[in-house]
**Student:** 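Pasting a structure below so you can have a look.
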Amino acid sequence: MSHERTAGQATPRAETPPGAALGLPAVDAVAAPAEAGPACLTCGDEAVEVVVLAVEEGDLALVDTGEGRERVSVMLVDARVGDRILVHAGEAIGKVRP
Amino acid sequence: MKYVDEYRSPEIAAQLSSEIGALADGGHHKIMEICGGHTHTIYRHGIEDHLPDSIELVHGPGCPVCVMPMGRIDDAIAIAEQPDVIMTSFGDMLRVPGGRGSFLDAKAAGCDIRMVYSPLDALKVARTNPDRRVVFTAIGFETTAPSTAATLLRAAAEGLENFSVFCNHVLVCPAVQAILDAPGQDLDGFLGPGHVSTVIGAAPYAFVARDYGKPLVVSGFEPLDILESIYRLLRQRVEGRAEVENQYTRVVPWEGNARALEVIERTMVPRDAFEWRGLGTIPDSALGLREEFAAFDAERLFDLPGAVVEDPRECQCDEVLTGQIKPWECGVFGTACTPETPIGTCMVSSEGACAAYYQYGRFNRAAATADAGA
């Protein structure tokens, strides 16, 4: 199966945002945050709250899931570095109030 | 860990539990948790062990995998069987049985079916396979609809011609209304879904309180969130109120996420009707793609059987989904139907009521009570 996932693998570091290098709209590596336990991906639990490490071009952001780094879409929220955001299916749908 | 430790404090749980006990005294309270995520939390953390017997939790239809009718699975497989197609979907979908087997069965028979973690992953598959037609089977409530919508907008902006969506997004409020309209319905209140409400807000549930006189509390997913929400529901009942409250204010704005609603609105329209497993056909309860996105609409691009397929006779998912029976009361629970070889959808996703019971050993309630708090 040629399924690809970036979770747990080496992801580009925040200081070298790949969005800039790749240009729009090439979303090269997008994955849902790592799941803690057997939870359904379509309706999240606490594991989908992540912290924004870097905001990148193309409405993308590099986030810290607590278990690794992932790239998610932030088209629908105003994401800033340090924000805790709620991600569903690779898309941030809300911000967690500090 | 932030938002984990402070929402799992045993001391606060005990305090809430005793206050719930005092409020619940002398009555019977039948509360439905709409969202499968809540079902999962309730069984994972043994919440029922901390509630008095007078509180009965009923599992609602809020697991999108569980409410997928078999005919739609057959339609998706018919698409996957086209020789140039790569079918993509969430992992939970792969084991859902249709009338002719599941995605996994179709994969074993030679179809190219791939698991993705987001529709953006499916988009990437489309980019890297320009000579194939890549279809994403989209499921989910208003939580995942924004992700599909945003992906459609990205695909359109890129001019991707080999990507399409088989849209099965469903809407939570019409399902709640169908449950409230069902004959013999005797629910006393609802735990409202947390993450759906991040998108739609708490306001759309107003009809539950206004038209049906039932309280609804939008709840978070940690154990203390659930306990506090149950406490708030009971307090409403004791005080004779029926209102919509938002317990999950750290994530859910009352008005929802306007931008997420806007991308859904731009790409999708409500269908006249949609079949739900266990609930039947519900008007205006699902989303299809807008005419402007016809080029990305698998339903328009492929010939679909579109058949209505009856659930297996031995499956009692419909009764589980409407709260008439508990999972362990189903005739095939844990015997013919297990998470490895599910007969019904409730046993497929870990958010399904049956799978949650099965996973956490809740079919033996006495034993589970004994080791509660471990």
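Residue numbering restarts at 1 for every chain, and letters A, B, ... go by the order of the sequence lines.
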**Student:** Does Arg154(B) reach the main-chain N or O of Gly58(A) with its side chain, forming a donor-acceptor pair under 3.5 Å?
**Tutor:**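 A pair under 3.5 Å: yes.
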
**Student:** Any side-chain heavy atom of Arg259(B) sitting closer than 4.5 Å to one from Asp78(A)?
**Tutor:**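 Result yes, sub-4.5 Å side-chain heavy-atom pair found.
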
**Student:** How many angstroms lie between OH in Tyr248(B) and CZ in Arg97(A), if you round to the nearest 0.5 Å?
**Tutor:**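 So the gap between those two atoms works out to 12.5 Å.
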
**Student:** Before you tell me yes or no, could you show the steps for Glu91(A) and Thr144(B) under side-chain contact (heavy atoms from CB on, under 4.5 Å), namely the whole-Å CA-CA distance, both residues' side-chain angles and the distance that decides it to 0.1 Å?
**Tutor:** CA-CA 8 Å; Glu91(A) 190 75 46; Thr144(B) 47; over 6 Å; no

**Student:** Quick check: does any side chain N or O of Asn257(B) sit under 3.5 Å from a backbone N or O of Leu76(A), one acting as donor and the other as acceptor?
**Tutor:**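 A pair under 3.5 Å: yes.
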
**Student:** Could you grab the distance from atom CE of Met75(A) to atom CG of Leu120(B), nearest 0.5 Å is fine?
**Tutor:**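 Met75(A) CE to Leu120(B) CG: 8.0 Å, rounded to 0.5 Å.
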
**Student:** I need the Glu49(A) CD to Phe221(B) CZ distance, nearest 0.5 Å.
**Tutor:**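 One gets 10.0 Å once the value is rounded to the nearest 0.5 Å.
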
**Student:** Would you compute the distance between atom CD1 of Ile93(A) and atom NE2 of His195(B) and round it to the nearest 0.5 angstrom?
**Tutor:**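 It comes to 7.0 Å.
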
**Student:** Donor-acceptor pair, Ser147(B) side chain versus Ala89(A) backbone, under 3.5 Å?
**Tutor:**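 The answer is yes, because a donor-acceptor pair under 3.5 Å joins these two groups.
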
**Student:** Determine the option with the most heavy-atom pairs under 4.5 angstrom with chain A, choosing from Leu153(B), Val263(B), Thr88(B), Thr249(B).
**Tutor:**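 Winner by heavy-atom pair count: Thr249(B).
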
